[in-house]
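Along the sequence shown, residues carry numbers from 1.
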Amino acid sequence: DGGKLVIHAADALEYTRYASFEGASDKVHSWEAAGTGIQVTPDTGKNWTTGSWDSLNGIAPALRYKIHITTPGDYYLFVNMSNPNNAADSYFVAVDGVYKYIGATGEQIKPETWYSEKRAINLTGGEHELIIFAREDGLLINQLLLSNNKDISLTGLQTVSKREEL
């Protein structure tokens, strides 16, 4: 789709081959529909602070999305969030079981706002798994967007890509 893939974050609640979620290992925190997206609840001030695959996988709440890349290259992840407070505004990114980076918004608290660390994720053609781990409970994600343009200008929610493109 012109080097752009848009995912509705709450699709993970469908728990299909294309999108799924996992709650935290504490059996207290998980994802639920909220507003126009999906949120880690309850919001108690809990966080998962260590950014590595082994310290996140199976421990922190996770969103998992199968994506299909037709044009290999560098892609940039943009996350549309509705941060409820400054202790619920960051996440970790992994692809195909490999930790990539932390996404932190700098305590920007606005509804339906796009954020990006503008860090390249190199993707080959074919199927990949994009994984978003919550760093803090209360995190509310509306949409995810992968683009091969790190300077793309985004306002408002975007048209979600066709499911077969995921």
Find out whether [X] and [Y] are in side-chain contact, i.e. whether some heavy atom of one side chain is under 4.5 Å from a heavy atom of the other.
X: Asp54; Y: Tyr99; answer: no
X: Tyr76; Y: Asp74; answer: yes
X: Lys46; Y: Asp26; answer: yes
X: Leu56; Y: Ile131; answer: no
X: Val40; Y: Phe21; answer: no

> Can you pull the side-chain hydrogen bond (donor to acceptor under 3.5 Å, both in side chains) pairs that have at least one residue in residues 135-144, sequence neighbours excluded?
Replying inline: His29-Asp137, Thr36-Asn142, Thr44-Asp137, Asn80-Asn142, Ser82-Asn142, Ser90-Arg135, Ser90-Glu136
If you compare all heavy atoms of [X] against all heavy atoms of [Y], which two are closest, and at what distance to 0.1 Å?
X: Thr70; Y: Pro72; answer: O-CD, 3.6 Å
X: Ser147; Y: Phe78; answer: CB-CE1, 4.2 Å
X: Ala60; Y: Ala134; answer: CB-O, 3.7 Å
X: Leu145; Y: Trp114; answer: CB-CZ3, 3.8 Å
X: Tyr65; Y: Ala9; answer: OH-O, 2.6 Å
X: Ala34; Y: Gln39; answer: CB-OE1, 3.6 Å

>> For the NZ atom on Lys118, are there more than 12 heavy atoms of other groups (residues, nucleotides or ligands in this structure) within a distance under 6.0 Å?
In response: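 Yes, enclosed.
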> What do you reckon, is OH of Tyr101 surrounded by more than 12 foreign heavy atoms closer than 6.0 Å?
Replying inline: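 Atom OH in Tyr101 is crowded, with more than 12 foreign heavy atoms closer than 6.0 Å.
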>> Under the ring-ring contact (aromatic ring centres under 6.0 Å, His included) definition, can you give me all pairs with a residue in residues 136-159, not counting sequence neighbours?
In response: none
Tell me if a side-chain donor or acceptor on [X] pairs with a main-chain N or O of [Y] at a distance below 3.5 Å.
X: Ser55; Y: Thr50; result: yes
X: Ser20; Y: Ala12; result: no
X: Ser161; Y: Val6; result: yes
X: Glu112; Y: Gly156; result: no

> Run the side chain to side chain contact (heavy atoms under 4.5 Å, CB included) check on Leu123 and Thr71 step by step: do they pass?
Replying inline: CA-CA 8 Å; Leu123 297 173; Thr71 306; over 6 Å; no
With the 4.5 Å side-chain cut-off for hydrophobic clustering, are [X] and [Y] part of the same group?
X: Leu140; Y: Ile132; value: no
X: Leu63; Y: Leu157; value: no
X: Tyr15; Y: Ile38; value: yes

Measuring from [X]:[atom1] to [Y]:[atom2], what's the distance to the nearest 0.5 Å?
X: His68; Y: Leu5; atom1: NE2; atom2: CG; value: 11.0 Å
X: Ile152; Y: Gln158; atom1: CD1; atom2: CD; value: 7.0 Å
X: Leu139; Y: Trp48; atom1: CG; atom2: CH2; value: 9.5 Å
X: Leu146; Y: Leu130; atom1: CG; atom2: CG; value: 5.5 Å
X: Thr49; Y: Ile102; atom1: OG1; atom2: CD1; value: 9.0 Å

>> For Phe92 and Trp53, I'd like to know if the aromatic rings sit close, meaning centre-to-centre distance below 6.0 Å.
In response: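 Not close enough - the centres of the two rings lie 6.0 Å or further apart.
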> Would Tyr75 and Ile69 count as a side chain to side chain contact (heavy atoms under 4.5 Å, CB included) if you check the C-alpha gap in whole Å, the side-chain angles of each, and the deciding distance to 0.1 Å?
Replying inline: CA-CA 10 Å; Tyr75 285 83; Ile69 299 298; 3.9 Å; yes
>> I'd like to know if Glu127 pairs up with Arg17 as an ion pair, taking the criterion as any Lys NZ or Arg NE/NH1/NH2 lying under 4.0 Å from an Asp or Glu carboxylate oxygen.
In response: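 Answer for the salt bridge query: yes.
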